[in-house]
K.L.:
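There's a structure below that I have some questions on.
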Protein chains: 2
Amino acid sequence: MSEFPPTPQSTDAVDHVSDETLRKLIGYQMKRTFNVLQADLTETLEPFGLRMLTYTALILIVDNPGLRQSQLAEAMDIERPNMVIVVDSLERRNLITRNTADYDRRANSLKATFAGRKLCEMANEAVKAHETRMLLGLDENARNRLIEALQIIEKSLAKKLTG
Amino acid sequence: MSEFPPTPQSTDAVDHVSDETLRKLIGYQMKRTFNVLQADLTETLEPFGLRMLTYTALILIVDNPGLRQSQLAEAMDIERPNMVIVVDSLERRNLITRNTADYDRRANSLKATFAGRKLCEMANEAVKAHETRMLLGLDENARNRLIEALQIIEKSLAKKLTG
DNA sequence: TATTGTTATACTCTATAACTATA
DNA sequence: TATAGTTATAGAGTATAACAATA
């Protein structure tokens with residue numbers, strides 16, 4: 001009222017955090033996007049007792065009956081030791097069977113059970129809904145270009161690591 | 001020679017793993033791409049003794065001198081308890097200072113040191129090179145559309161989680 | 001010798017509860 | 001009472017070395 005307007009306080013408080021420098025980096029944006037994506041997908045799969053890794057493994061076993069753990073690990077790009085507990089958890093729930101392969105007694109032949117295939121189908125529906133929700137702001141073209149761009153980047157970096 | 005052509009072996013061995021079902025899912029492709037991206041970025045930052053989290057935190061502190069840990073945690077979308085060790089490691093290397101703020105004695109005011117700013121600049125150069133390497137297969141348009149698409153997805157899902 | 005699956009182990013990232021000191 | 005930072009803790013994901021069984 002009768003006072004002077006408040007003088008700017010002699011603090012160095014930050015009122016708005018600028019992440020301009022970071023926003024320019026694809027890697028940072030990819031991390032942010034992947035984080036919310038993973039959170040939403042985790043929530044989507046929770047009712048089925050599945051996680052991203054177990055869901056992915058289940059699909060691959062359903063689509064490729066008889067594959068070995070090492071093939072599964074390579075396809076999912078995770079280390080064999082880490083595959084063990086993923087397969088453990090699917091087997092424990094009777095979603096897959098894990099039998100010594102007759103063509104190579106070192107290998108485990110993985111196959112989905114009937115229950116495993118049914119659960120996978122149900123989860124697929126939920127995941128489809130999750131993807132639809134996620135891609136709401138993108139038209140068909142934009143979606144295709146996105147997946148293309150991601151594949152190109154994956155190849156660029158995978159090539160670099162190999163060569 | 002005089003034998004019949006080899007009869008198909010009665011095994012159920014899988015010679016090629018099909019991930020067709022998965023490739024359709026953006027989430028799966030995003031995970032694959034993010035994984036190679038993160039591996040490459042980790043390697044890129046290793047010479048500077050930085051990781052993705054510490055690098056990101058350092059940039060934000062450089063660009064926003066005086067911000068609090070809680071603001072930093074919110075900007076990076078990680079929990080405050082997890083922020084502590086990130087800031088610890090930056091402070092231990094004298095890349096930042098962590099002082100009680102004069103406007104609120106509960107808060108830590110974070111500022112980059114000269115060494116911190118210099119290291120950040122050098123790391124920025126290396127990360128720029130990493131991004132260039134990564135985006136080799138994409139023209140300017142494709143890069144912009146990619147970052148746009150990622151931002152749209154982030155917003156779609158963040159909105160969903162909030163509302 | 002090389003490979004498959006396994007165990008043990010360790011490190012990073014993430015998430016929650018509870019404490020302290022300040023507001 | 002609410003918030004900022006902290007501690008302790010636990011769960012996932014990821015990575016490597018080493019072993020037994022098998023090829």
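Residue numbers start from 1 in every chain, and the chains themselves are labelled A, B, ... in the order their sequence lines are given, proteins ahead of strands.
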K.L.:
Is there a path from Val84(B) to Ile78(B) through hydrophobic residues (I, L, V, M, F, W, Y) whose side chains come within less than 4.5 Å of each other?
P.N.:
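Looking at the clustering, Ile78(B) is in a separate group from Val84(B).
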K.L.:
Taking any atom under 4.0 angstrom from a heavy atom of chain B, which nucleotides of DNA chain C are the first and last to qualify, 5' to 3'?
P.N.:
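Listed 5' to 3', the contact boundaries are dT12(C) to dA23(C).
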K.L.:
Can you list every pair that meets salt bridge (Lys or Arg N to Asp or Glu O under 4.0 Å) and has a residue in residues 108-120 of chain A, with sequence neighbours left out?
P.N.:
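As it turns out, the salt bridge (Lys or Arg N to Asp or Glu O under 4.0 Å) pairs with a partner in residues 108-120 of chain A, which skip direct neighbours, are Lys111(A)-Asp12(B), Lys118(A)-Glu121(A).
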K.L.:
Tell me which residues in residues 82-97 of chain A lie within less than 4.0 Å of DNA chain D, going by non-hydrogen atoms.
P.N.:
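Result for residues 82-97 of chain A: Asn82(A), sorted by number.
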K.L.:
Are Met122(B) and Leu90(B) connected, step by step, through hydrophobic side chains (Ile, Leu, Val, Met, Phe, Trp, Tyr) whose heavy atoms are closer than 4.5 Å?
P.N.:
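Same cluster: Met122(B) reaches Leu90(B) through Ile, Leu, Val, Met, Phe, Trp or Tyr contacts under 4.5 Å.
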K.L.:
Please report the end-to-end axis angle for the helix from dT1(C)-dA23(D) to dA23(C)-dT1(D), five pairs per end, rounded to 10 degrees.
P.N.:
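The value is 0°.
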K.L.:
Please list, chain by chain and in numerical order, all residues satisfying side-chain hydrogen bond (donor to acceptor under 3.5 Å, both in side chains) with Asn108(B), sequence neighbours excluded.
P.N.:
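Listed in chain order: Gln69(B).
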K.L.:
What heavy-atom pair brings Gly137(A) and Ile152(B) nearest, and what distance separates the two atoms?
P.N.:
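Heavy atoms of Gly137(A) and Ile152(B) come nearest at CA-CG2, 3.9 Å.
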K.L.:
Does anything in residues 52-87 of chain B pair up under ring pair (Phe, Tyr, Trp, His ring centres under 6.0 Å), and if so which pairs, sequence neighbours excluded?
P.N.:
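Matches after skipping sequence neighbours: none remain.
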K.L.:
Do any of residues 48-79 of chain A sit with a heavy atom less than 4.0 Å from DNA chain D, and if so which?
P.N.:
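Those residues are Arg51(A), Leu53(A), Ile78(A), Glu79(A).
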K.L.:
Check whether Thr113(B) reaches the backbone of Asn94(B) with its side chain - one donor and one acceptor, N or O, closer than 3.5 Å.
P.N.:
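Yes, the answer is positive, given that a donor and an acceptor are paired below the 3.5 Å cut-off.
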K.L.:
Please enumerate all residues that pass side-chain contact (heavy atoms from CB on, under 4.5 Å) together with Gln71(A), with sequence neighbours excluded.
P.N.:
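Listed in chain order: Leu67(A), Arg68(A), Val14(B), Val17(B).
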K.L.:
Ignoring hydrogens and angles, tell me if any N or O in the side chain of Asn64(B) forms a donor-acceptor pair with the backbone of Leu60(B) under 3.5 Å.
P.N.:
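A pair under 3.5 Å: yes.
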K.L.:
Assigning hydrophobic clusters by single linkage (Ile, Leu, Val, Met, Phe, Trp, Tyr; side-chain heavy-atom cutoff under 4.5 Å), is Leu135(B) placed with Leu41(B)?
P.N.:
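Per the 4.5 Å side-chain linkage, Leu135(B) and Leu41(B) are co-clustered.
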K.L.:
Round to the nearest Å and state the distance from Lys31(B) atom NZ to dG13(D) atom P.
P.N.:
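In whole Å, dG13(D) P lies 7 Å from Lys31(B) NZ.
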K.L.:
Start with the C-alpha gap between Gln29(A) and Thr33(A), add the side-chain angles, then the distance that decides, and say whether side-chain hydrogen bond (donor to acceptor under 3.5 Å, both in side chains) holds.
P.N.:
CA-CA 6 Å; Gln29(A) 185 58 56; Thr33(A) 307; 3.1 Å; yes
K.L.:
Which residues pass the salt bridge (Lys or Arg N to Asp or Glu O under 4.0 Å) test with Glu20(A), sequence neighbours left out?
P.N.:
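Testing Glu20(A) for salt bridge (Lys or Arg N to Asp or Glu O under 4.0 Å), a comparison that skips the adjacent residues, returns none.
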K.L.:
What pairs meet the salt bridge (Lys or Arg N to Asp or Glu O under 4.0 Å) rule with one or both residues in residues 71-88 of chain B, with sequence neighbours excluded?
P.N.:
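Pairs touching residues 71-88 of chain B that pass the test: Asp88(B)-Arg98(B).
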K.L.:
Does anything in residues 143-153 of chain A pair up under salt bridge (Lys or Arg N to Asp or Glu O under 4.0 Å), and if so which pairs, sequence neighbours excluded?
P.N.:
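Not a single pair qualifies under salt bridge (Lys or Arg N to Asp or Glu O under 4.0 Å).
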K.L.:
Tell me whether Lys128(B) is salt-bridged to Glu125(B), with the criterion being a basic N under 4.0 Å from an acidic carboxylate O.
P.N.:
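Yes, charged N to carboxylate O under 4.0 Å.
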K.L.:
Quick check: on DNA chain D, is the nucleotide nearest Arg80(A) upstream (toward 5') of the one nearest Ala107(B), or the reverse? Name the residue that is more 5'.
P.N.:
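The residue closer to the strand's 5' end, by nearest nucleotide, is Ala107(B).
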K.L.:
Starting at the 5' end of nucleotides 17-23 of chain D, put B wherever the base has a protein heavy atom under 4.0 Å, S where only the sugar-phosphate does, and a dash everywhere else.
P.N.:
B---BBS
